[in-house]
Amino acid sequence: MMKCIEENQKNVPYLVGQVALKELELNNNDILLDLGTGTGDKAISAAHICKCVIGIDINKKSLKKARKKAQQEKIDNLIFAYGSFEDPSATLNLFLYRITKILMVYSLHHITDQKKKESLACLSKLLCRPGRIVIGDIIFFDDPDKHRDKFDEVNYDGGDTDFPASVEYLVA
């Protein structure tokens, strides 16, 4: 078990998730939306702090695992629901929750740049002000080919099915 924890702590996506959670500056009044929640690890961690956490994912098997983990920890302020970047409210009306913080870790790069912009515009409408959105993902600051030796480390497939954006594109 200890070896698994040590290996996980050296894993870039895990570390990015830890930094992203810290950057959210969560408190007990927050309603957090974790979009692309996967198996819910970050949502479950946040549920120990927040008033409520909503984990949204497109993968129903991952959501089932997330629910099971939350039940094992006896967490009752956590909702997992099906949704996507294109339609995060597919099965749950997120406007009813007065979301104060939004987290996306290692999920946004799975959609095209145009879909990223549309998704971020949609998410900003869900966010109660003042609010905070934290994205922890693969984002290019320069030519990705200069960093081919790091592709495996950050779980980037070189552009076959991953679509990381440049910083300039996301800021514009």
Side-chain angles (χ1 to χ4, degrees), residues 1-111 115-116 119-120 122-124 126-128 131-139 152-157 161-164:
M1 178 69 164
M2 188 60 147
K3 185 178 179 186
C4 180
I5 291 170
E6 289 171 7
E7 287 174 12
N8 203 22
Q9 290 174 344
K10 293 177 184 174
N11 180 298
V12 172
Y14 172 83
L15 295 172
V16 168
Q18 295 305 302
V19 170
L21 278 171
K22 184 178 177 187
E23 290 297 317
L24 281 170
E25 298 180 358
L26 297 171
N27 65 62
N28 61 356
N29 292 315
D30 280 324
I31 310 295
L32 173 67
L33 172 62
D34 180 12
L35 187 56
T37 195
T39 58
D41 294 332
K42 289 167 287 305
I44 290 168
S45 291
H48 293 286
I49 302 167
C50 298
K51 183 176 182 179
C52 179
V53 176
I54 304 159
I56 300 292
D57 205 280
I58 197 166
N59 186 313
K60 292 179 182 178
K61 287 183 182 181
S62 291
L63 289 170
K64 185 175 179 179
K65 289 178 185 177
R67 287 185 192 101
K68 184 176 180 180
K69 287 181 188 179
Q71 283 177 336
Q72 289 171 342
E73 290 200 33
K74 297 179 176 36
I75 298 173
D76 62 359
N77 63 335
L78 182 53
I79 301 164
F80 288 109
Y82 175 84
S84 65
F85 281 103
E86 293 85 353
D87 186 11
S89 294
T91 60
L92 185 66
N93 185 349
L94 296 175
F95 286 100
L96 299 176
Y97 289 89
R98 304 196 43 77
I99 294 165
T100 59
K101 307 266 174 86
I102 298 175
L103 175 66
M104 292 173 280
V105 174
Y106 261 76
S107 52
L108 192 62
H109 73 274
H110 291 296
I111 60 175
K115 293 286 184 191
K116 284 179 186 74
S119 177
L120 292 171
C122 172
L123 293 171
S124 70
L126 286 173
L127 190 65
C128 291
R132 181 175 284 196
I133 297 175
V134 174
I135 302 169
D137 211 323
I138 302 171
I139 299 171
D152 287 342
E153 184 179 334
V154 298
N155 295 332
Y156 174 55
D157 70 6
T161 59
D162 293 334
F163 308 102

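In this chain, numbering begins with 1 at the start of the sequence shown.
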Counting only N and O atoms by type, is there a donor-acceptor contact under 3.5 Å from the side chain of [X] to the main-chain atoms of [Y]?
X      : Y      : value
Lys116 : Ile111 : yes
Thr91  : Tyr82  : yes
Asp34  : Val53  : no

**Message:** Within the 4.5 Å heavy-atom criterion, are Leu35 and Ser107 side-chain neighbours or not?
**Reply:** no

**Message:** Within the structure provided, determine whether Thr100 and Asn29 are in side-chain contact (heavy-atom separation under 4.5 Å).
**Reply:** no

**Fill in**
Contacts of Lys101 meeting salt bridge (Lys or Arg N to Asp or Glu O under 4.0 Å) (sequence neighbours excluded), chain-then-number -> Asp30

**Asked** At their closest point, which heavy atom of Arg132 faces which heavy atom of Glu23, and how far apart are they?
**Response** NH1-O, 2.5 Å

**Item:** Shortest non-hydrogen contact from Ala90 toward Gly83
**Value:** CB-CA, 4.1 Å

**Request:** For Ser119, enumerate each residue passing the side chain to side chain donor-acceptor pair (under 3.5 Å) test, keeping only those at least two apart in sequence or located in another chain.
**Result:** none

How many angstroms lie between atom [atom1] of [X] and atom [atom2] of [Y], to the nearest 0.5 angstrom?
X     : Y      : atom1 : atom2 : value
Phe80 : Thr37  : CZ    : OG1   : 5.0 Å
Lys61 : Thr39  : NZ    : OG1   : 14.0 Å
Ile56 : Leu103 : CD1   : CG    : 12.5 Å

**Asked** Leu21 pairs by side-chain contact (heavy atoms from CB on, under 4.5 Å) with which of Leu26, Val105, Ile49, Val134?
**Response** Leu26

**Stepwise side chain to side chain contact (heavy atoms under 4.5 Å, CB included) check, Ile79 with Tyr97** = CA-CA 11 Å; Ile79 301 164; Tyr97 289 89; 3.7 Å; yes

